[in-house]
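As structure tokens, the structure follows; a few thoughts come after it.
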Amino acid sequence: MNEEMTFKMVDENGKEKECEVLFTFESDETHKNYIVYTDNTTDESGNTRVYASIFDPKDPNSKLLPIDTEKEWSIIKTILAEIQNEVRESYASEQE
């Protein structure tokens, strides 16, 4: 069963958007929990926009907090790259 996790948020223009959770994780380095999500919009190159924030998984009403450090962004970018590589490899093996 693949249950899609979604949540609603209000953007900077006051418009409500539905977002899809891609994954969450806790970093051993920072001891913080992160949520990586998308609003399923694309940029001018056709790439899906992906966002990341800090959150408290124990609080169902947790506010999404901004990621402030380059170290945290580096951790998130590394995980996204690993997942993207896994998807590419899986897709390539299905095509064989």
**Q.** ILVMFWY network linking F25 to V21, side-chain heavy atoms under 4.5 angstrom
**A.** no

(Q) Using the ring pair (Phe, Tyr, Trp, His ring centres under 6.0 Å) definition, which of the options Y37, Y34, F7 pairs with Y51? (A) Y37

Q: Decide yes or no for K32 and L65: does some side-chain heavy atom of the first lie under 4.5 Å from some side-chain heavy atom of the second?
A: no

Q: Specify the closest pair of heavy atoms between S53 and I67, including all atoms of both residues, with the distance to one decimal.
A: N-CD1, 3.8 Å

Q) Does one hydrophobic cluster hold both I79 and M5, with members joined at side-chain heavy-atom distances below 4.5 Å? A) no

Q. Does some side-chain heavy atom of N33 sit less than 4.5 Å from a side-chain heavy atom of D56?
A. no

**Q.** Connected via hydrophobic side-chain network under 4.5 Å: I83 and L22
**A.** yes

Q: Consider only side-chain heavy atoms of I, L, V, M, F, W and Y, link residues closer than 4.5 Å, and tell whether I54 and I76 are in one cluster.
A: yes

Q | Flag, side chain of S74 to backbone of E70, donor-acceptor distance under 3.5 Å | A | no

(Q) Using only atom types and a distance under 3.5 Å, with no angle test, would you say the side chain of T24 pairs donor to acceptor with the backbone of I35? (A) no

Q) Between R49 and D43, what is the shortest heavy-atom contact and its length? A) NH2-CA, 3.6 Å

Q: Give a yes or no on whether D11 atom CG has more than 12 heavy-atom contacts from other residues, nucleotides or ligands under 6.0 Å away.
A: yes

Q: Give a yes or no on whether L80 and I75 share a hydrophobic cluster (residues Ile, Leu, Val, Met, Phe, Trp, Tyr; joining criterion: side-chain heavy atoms under 4.5 Å apart).
A: yes

Q: To the nearest 0.5 angstrom, please state how far the OG1 atom of T41 sits from the CG atom of N47.
A: 11.0 Å

